[in-house]
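Below is one structure, written out as structure tokens; the observations come after it.
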Amino acid sequence: MDKSRFSRPIDLHDVAVTDEFWHREQELVRTEVIPYQWEALNDRVEGADPSYCMHNFKAAVRQKEREGEQGKQFEAPAYSYRGFNALPEDPKHPDPDKFYGFVFQDTDFSKWIEAVGYSLVNHPDPELERIADGAIDIVCAAQLDNGYLDTYYILNGMDRAFHCLRWHHELYCLGHLIEGAIAYWQGTGKDKLLKAAERFADYVASVFGPEPDQCKGYPGHEIAEMALVRLYEATGKDKYLKLAKFFIDERGTDPNYFDYEGERDRRDNYKDTNWTFDLPYAQAHKPVREQREAVGHAVRAGYLYSGMADVARETADDTLYDACRTLWRNIVDRKLYITGGIGGTHEGEAFSYNYDLPNDTAYSETCAAISLAFFARRMLEIEAKSEYGDVMEQALYNTVLAGMALDGKSFFYVNPLEVNPEACAKDKRIGHVKPVRQKWFGCACCPPNIARIVSSVGEYAFTANDSTLFVHLYAGGSVSASFGTGEAGDDRRQLTLEGTSEIPWGGKASYTVHAGAQAPVHATIAFRIPGWSVPSGIKVSVDGASVSGVASAELAGAFGAAGKSAEVRDGYLYLTGDWSDGETIAFDFPIPVRAKRANPQVREDVGKVAFVRGPITFCAEQADNGADLQLNRVDFARAGYDMEGVGVRRVDDVFGFPIVELSVPVLRLADDGLTPGEGLYADYAPAVEKAAELTLIPYFTWANRGVGEMAVWVRA
């Protein structure tokens with residue numbers, strides 16, 4: 001691995017996202033989603049499934065207080081299995097001392113506090129911080145003296161802790177606690193929760209590891225791996241990196257720990273373990289370096305691959321990075337929806353077989369798209385390749401944002417590419433598909449996951465190393481980084497980019513350099529060349545010197561007058577030189593409409609096209625086009641194969657903020673040729689069609705205007 005190509009996300013204190021698009025999303029999270037989710041965590045959202053999250057922490061605190069009062073007379077609860085999702089017999093009167101919800105319910109808090117930490121960086125809010133501090137006090141008060149912190153086992157019986165790793169989620173809870181604690185520490189400087197997370201991690205490190213007396217298990221639901229690497233980076237303590245590496249290296253090896261665990265528990269007749277467990281479901285069917293295909297639960301997989309990339313980078317492990325690249329290729333080449341979603345089947349919320357990407361039965365969980373963005377960013381941190389940025393952008397602008405309503409108050413767990421509301425209501429085979437977003441979920445992994453990634457989008461837009469500032473997403477705002485050979489002080493000089501961006505609706509983006517009195521600053525600024533643009537038509541200017549096209553030969557010497565060298569490598573334009581205050585860098589990216597076809601092995605999409613423009617995937621919705629969307633086919637005679645006949649219009653009054661709509665010429669079946677008296681089938685005859693226009697809207701905006709049909713793919 002070439003360490004000189006490594007980079008790290010910019011500290012969010014040094015990033016301000018102010019552009020029209022992402023600033024709106026972040027403000028939505030800050031003003032609507034975070035307060036709404038706090039109400040949900042406290043079971044105060046009428047009509048929504050209760051979370052029981054804060055209920056459980058408070059119950060654990062009371063139990064700990066009773067232990068302190070009773071001393072040796074206290075009898076700790078003996079483990080009793082109450083189901084994967086424990087619900088009260090009387091929902092209106094839950095027992096204040098019992099655990100309720102899913103076994104991983106603690107993570108509702110952890111993901112909420114992570115979003116809060118990110119939000120407070122750029123928007124100090126004393127009242128929100130007061131609420132968060134109070135919640136942290138409750139969570140920390142629930143922690144056991146040995147550092148253990150998972151309310152499911154604290155309340156249900158510690159004698160079975162870490163005994164059902166494949167189905168229960170203690171290590172998953174640890175991972176999210178770490179992520180939330182670090183974000184809140186970075187956002188506020190307060191380390192109470194971080195210290196609690198460290199204590200839990202220390203306890204886990206004493207239980208798991210390579211020593212003969214340590215458990216050889218690993219997370220059933222991954223995320224601890226990537227979180228432990230982050231804890232190592234935050235604290236500098238090697239033991240956390242070693243534990244992350246242990247979990248990754250041990251996974252899927254012989255003798256298989258999950259097989260051992262299942263055989264042990266069946267022998268001991270534990271009720272919570274008589275479910276069958278499919279090793280590929282948890283990516284535990286073989287050692288990770290031998291895995292060639294993305295299989296199993298898609299969120300678990302994305303988190304695992306992200307952790308693998310983290311450990312590969314921190315340990316310079318080429319074999320682990322090779323495995324990451326192999327798995328990346330399988331996802332991107334065979335298992336990726338055009339909306340940036342992954343996970344084609346509701347069975348196990350999982351990847352299906354290669355090229356199986358159904359539209360109306362798609363699962364495409366919101367969290368899975370988020371996990372893909374995690375994975376892509378970590379691949380970018382190892383080496384800047386535009387493909388990683390393209391896929392990260394595709395996931396963020398489409399499936400991730402589709403998971404949240406435009407008012408921030410309802411959410412999709414599942415993100416289909418085709419919806420017939422009648423089928424959703426009557427066909428149990430697609431009972432997982434909802435035509436409208438839900439207020440909340442008992443299994444509420446997706447809403448807070450959206451909040452935390454949107455609030456931290458600056459970490460995805462920019463990374464840096466000692467010599468180079470990378471621009472992966474063209475977000476307007478500002479970003480600062482220091483360059484030079486020294487560790488700090490006079491040897492390092494700060495460079496700030498302040499920019500504006502029309503993306504995703506337009507193709508222009510420009511940045512002004514601020515170098516202050518210390519100018520010039522010698523550095524490289526690397527800009528991703530988006531895969532959705534046309535390289536030969538891209539216009540780049542540096543302080544007035546301009547060039548069209550981004551082939552290296554055309555760039556040679558083009559910016560010499562501005563004192564910059566330029567080259568294109570792996571889809572990034574590298575501009576190197578001494579940067580002075582006030583210099584400008586501007587881009588004008590062609591942003592054509594493209595009609596995309598799928599590989600013919602994707603059987604559901606043969607003879608169909610999907611429309612994309614820039615990073616946005618579009619869809620047709622009944623609200624604009626009426627019912628029976630399947631009756632339309634693209635009229636290429638009018639549209640043209642170059643899409644010159646497709647209308648592109650900016651509208652401001654559909655959703656309350658500016659978007660781009662497409663108007664696609666189509667031919668619509670004027671009459672199906674059958675009358676009710678003729679029956680279901682008839683002899684074939686040429687279709688009778690009439691010309692029409694099909695309005696397409698951005699995929700992330702669908703289902704915000706009532707119940708109706710939707711389709712991404714249109715007959716060609």
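Numbers here are sequence positions counted from 1.
- Side-chain contact between Tyr388 and Trp328 is present, with heavy atoms from C-beta onward closer than 4.5 Å.
- A salt bridge does not link Arg130 to Asp133: none of the charged side-chain nitrogens sits closer than 4.0 Å to a carboxylate oxygen.
- The aromatic rings of His169 and Phe104 lie tilted to each other, with the angle between the two planes from 30° to 60°.
- We find that Lys242 and Asp238 are not joined by a salt bridge, their nearest charged nitrogen and carboxylate oxygen being 4.0 Å or further apart.
- For the pair Leu171 and Ala224, the tightest heavy-atom approach, listed with the atom from each and the gap, is O-CB, 3.4 Å.
- Of all heavy-atom pairs between Phe351 and Ala301, the closest is CE1-CB, 3.7 Å.
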Q: List the steps and the verdict of ring-ring contact (aromatic ring centres under 6.0 Å, His included) for Tyr260 and Tyr257.
A: CA-CA 5 Å; Tyr260 151 76; Tyr257 182 80; 5.4 Å; yes

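- We find that Glu381 and Arg378 are not joined by a salt bridge, their nearest charged nitrogen and carboxylate oxygen being 4.0 Å or further apart.
- Taking 4.5 Å as the limit, some side-chain heavy atom of Leu372 sits within range of a side-chain heavy atom of Leu336.
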Q: Apply the test side chain to side chain contact (heavy atoms under 4.5 Å, CB included) to residues Asn122 and Arg30: give CA-CA distance (whole Å), side-chain angles for both, the deciding distance (0.1 Å), then the verdict.
A: CA-CA 10 Å; Asn122 289 316; Arg30 182 178 74 87; over 6 Å; no

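- Gln26 approaches Ser455 most closely through the heavy-atom pair NE2-O, 3.4 Å.
- Look at Asp265 and Arg160 and you find a salt bridge, because one of the NZ, NE, NH1 or NH2 atoms lies within 4.0 Å of a carboxylate O, short of that distance.
- A donor atom on one side chain and an acceptor atom on the other are not found under 3.5 Å apart for Glu225 and Tyr218.
- When all heavy atoms of Met308 and Ala323 are compared, the closest pair comes out as CE-CB, 3.9 Å.
- Heavy-atom minimum distance, Ala350 versus Glu347: CB-O, 3.6 Å.
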**Q.** Derivation and outcome, side chain to side chain contact (heavy atoms under 4.5 Å, CB included), residues Met226 and Glu179
**A.** CA-CA 9 Å; Met226 56 194 285; Glu179 296 276 357; 4.1 Å; yes

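- Using modelled atom types, one side-chain atom of Arg292 and one backbone atom of Arg289 make a donor-acceptor pair closer than 3.5 Å.
- The ring pair (Phe, Tyr, Trp, His ring centres under 6.0 Å) analysis of residues 223-255, with sequence neighbours excluded, yields the pairs Phe208-Phe247.
- Counting only N and O atoms by type, the side chains of Arg166 and Tyr281 include no donor and acceptor under 3.5 Å apart.
- With Asn42 contributing its side chain and Trp38 its backbone, the two residues share a donor-acceptor pair below 3.5 Å.
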